[in-house]
Amino acid sequence: MPLTIGVPREVFTGEKRVATVPEVVEKLIKLGFKVAVESGAGVLANFDDDAYRASGAEIADTAANLWSMSDIVFKVRIPTDEEVGLLREGCTLIGFIWPAQNPELMQQLAARKVTVLAIDALPRTLSRAQKMDALTSQAGVAGYRAVIEAANAFGRFFNGQITAAGKVPPAKVFIAGAGVAGLAAIGTAASLGAVVRANDTRAEVADQVVSLGGEFVKVDYEEEGSGGGGYAKVMSEGFQQAQRDMYAKQAKEVDIIVTTALIPGKPAPKLITAEMVKSMKPGSVIVDMAAEQGGNCELTEPGQAVVKHGVTIIGYTDLVSRLARQSSTLYSSNLFRLTEELCKTKDGIINVNMEDDAIRGLTVIKDGSITWPPPALKPAATPPAAAKPAAAPAAAKKGHGHGGSSEPMPGNKLAIMFGVSAALFWFIGANAPTAFLAHFTVFVLACFVGYMVVWNVKPALHPPLMSVTNAISSIITIGALVQIAPPIALDPSRPDEWIRWLAVGGIVLATINMFGGFAVTQRMLAMFRK
């Protein structure tokens, strides 16, 4: 008999998200499940009961009815004491649990003899688990919303503008922490036109910061900050002092600071001190995304936006919920992908396979037994070493096989080539007119010098094609200058005047090409300056 998935209305104060949206309800039904939704569960996320009915869900009029008919419960926030009491024995709860921070809740859930899958405990290092990674999807929404809240509280444009009334400089934004939320904040602030700087203890994220339009600010202290599971680790006191010095400098220069630093299972580190807040310009903004875990700023008041020392400090704990429709859609998609893994037979029955690394990692309680923390992931099997290729046959080394073209030319062939070339040049020199020989010699040298000059030009601020054309124009200019010089005595019959005028024309055209190339390059670079 197919199981029923229940979606209750979230009762946490200020929570607007819902665990499943109508679009995903249809997909769950195709997997063989029945879906029941508590009346009004999706109203705050702009999903009414009629939309759920149209997708095939049953609407439960009360929370008690919803919980009593549910074999599997999808939730967003951790269950309250009342909700724990409504859980039926043997059912499965899926949602955010945070087992390390809620040991008492874990004991209460185990006493109900249920199975609990904590979506926040998913092993994030598994590539196939990314589709189920709700932490990442929700952090991306939070990072975007943090910048929107900062823009709302900030008293100026983000992008620089030149108007008839004067020039408006771009806002300067500093992002402390370049995880998923930080990278989302960087991309959003950069797209709004701000000058963005960012820092993270993990040096490997520097390229990601730059690719999103930000500048990575490095701490003047060498220490690796990567922790397990894609998180940052607690740094040494020496690094933290150097980091504080860097933050103090940035606080004086920037207009907006967004902090995202969190370490799993620990209070949020204090990165922005009261003295740093005092040093910021009046009207500046701090968005503390770690407010729910105590905050990265000493003056943060969780859940509130306050003004201290002329700086607006935003400590909202519901940033994700402020984009409830978007975050609910992403979260329900994560839960659907997880359900696909639990129900590969598509018959409406789940199988919590403890041999599956992803499922084992997020299963914190199995049939009333606490199974958290999970064992360490097994290291990936090392692929067998590739067999060394057999030695190439002697014929190939001599150029008779497929690999002969990559071998150096044998000495006897090189000698024959030089000999033929020398005989050809001797024949031309013995039979050609003197004037032709002089021009032919210049032509050969020009080909050699031109090849060496043009193809050794390294493009720096220019596109490669522009570098090559500028090199060719330079050679043309040099050749034309030689032609403008007094005539060579070896060829007194040469029509010098029209040759000189052709040379002058060549110089003019080559000069236009070179200066035009530099002018275009400068205009292209100016487009990226703020």
Side-chain angles (χ1 to χ4, degrees), residues 1-12 15 18-20 24-25 28-29 31-39 41 57-122 132 134 331-332 334-336 338-356 358-375:
M1 183 176 179
L3 302 178
T4 299
I5 297 176
V7 183
R9 181 172 57 87
E10 298 295 326
V11 297
F12 188 86
E15 183 57 70
V18 62
T20 298
V24 173
V25 168
L28 292 172
I29 292 175
L31 285 179
F33 295 97
K34 295 180 180 179
V35 180
V37 180
E38 183 182 349
S39 180
E58 178 183 351
I59 302 299
D61 54 355
T62 64
N65 288 341
L66 184 283
W67 288 82
S68 64
M69 70 172 66
S70 301
D71 302 300
I72 305 168
V73 177
F74 283 0
K75 269 191 62 61
V76 179
R77 293 279 186 168
I78 62 174
T80 62
D81 291 342
E82 181 181 355
E83 289 175 327
V84 171
L86 293 174
L87 279 169
R88 293 193 299 109
E89 182 177 333
C91 76
T92 301
L93 174 66
I94 303 176
F96 285 103
I97 301 297
W98 307 107
Q101 291 89 338
N102 299 289
E104 294 182 1
L105 174 63
M106 292 285 289
Q107 294 297 332
Q108 292 176 357
L109 291 171
R112 301 295 297 180
K113 298 188 183 303
V114 298
T115 297
V116 180
L117 277 65
I119 198 69
D120 50 272
L122 181 75
M132 302 178 278
Y331 181 66
S332 61
N334 295 138
L335 294 189
F336 169 69
L338 171 59
T339 308
E340 280 186 319
E341 294 294 319
L342 294 172
C343 181
K344 294 183 178 180
T345 54
K346 298 184 180 181
D347 57 357
I349 305 296
I350 63 171
N351 174 30
V352 182
N353 182 11
M354 300 297 275
E355 298 299 321
D356 185 314
I359 303 302
R360 175 65 186 89
L362 55 79
T363 304
V364 295
I365 298 176
K366 182 68 164 46
D367 297 328
S369 300
I370 296 178
T371 58
W372 189 88

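Every heavy atom of this structure was used, including side-chain atoms; hydrogens, water molecules and symmetry mates were not. The shown structure was predicted, so the numbers you read here are calculated from the model rather than taken from an experiment.
Nearest heavy atom pair, residue Glu83 against residue Ile78, reads OE1-O, 4.2 Å. Scanning all heavy atoms of the two residues, the minimum distance from Cys343 to Gly348 falls at SG-N, 3.6 Å. Pairing each heavy atom of Gly361 with each of Pro374, the nearest pair is O-CG, 3.9 Å. Of all heavy-atom pairs spanning Pro99 and Val364, the tightest one is CG-CG1, 3.9 Å. Heavy atoms only, all atoms of each residue included: Gly95 and Asp120 are closest at O-OD1, 4.0 Å. The two residues Ala57 and Ile29 have their closest heavy-atom pair at N-CD1, 4.4 Å.
Checked by atom type and distance alone, the side chain of Glu10 pairs as donor or acceptor with a backbone atom of Val76 at under 3.5 Å. Side-chain atoms of Glu341 never come within 3.5 Å of backbone atoms of Leu338 as a donor-acceptor pair (strictly under, hydrogens ignored). Counting only distance, with no hydrogens or angles, the side chain of Glu38 and the backbone of Arg9 share a donor-acceptor pair below 3.5 Å. A distance-only check finds no donor-acceptor pair linking the side chain of Arg77 to the backbone of Phe96 [under 3.5 Å]. A donor-acceptor pair under 3.5 Å is formed between the side chain of Arg360 and the backbone N or O of Thr371. A donor-acceptor contact shorter than 3.5 Å is absent between the side chain of Asn65 and the backbone of Ala60.
A distance of 8.5 Å separates NZ in Lys75 from CD1 in Ile97, rounded to the nearest 0.5 Å. From Asp356, atom CG reaches atom CD1 of Ile359 across 5.0 Å, with rounding to the nearest 0.5 Å. Expressed to the nearest 0.5 Å, how far CG of Leu335 lies from CD1 of Ile72 amounts to 11.0 Å.
With a 4.5 Å cut-off on side-chain heavy atoms, Leu31 and Pro2 do not count as touching. Looking at heavy atoms from C-beta onward, Val7 lies in side-chain contact with Val18 at the 4.5 angstrom threshold. Side-chain contact between Leu28 and Phe74 is present, with at least one heavy-atom pair separated by less than 4.5 Å. Inter-residue side-chain proximity for Ser39 and Leu66 is flagged as unmet; no heavy-atom pair is nearer than 4.5 Å. Inter-residue side-chain proximity for Trp372 and Ile365 is flagged as unmet; no heavy-atom pair is nearer than 4.5 Å. Taking 4.5 Å as the limit, every side-chain heavy atom of Leu3 sits out of range of all side-chain heavy atoms of Thr92.
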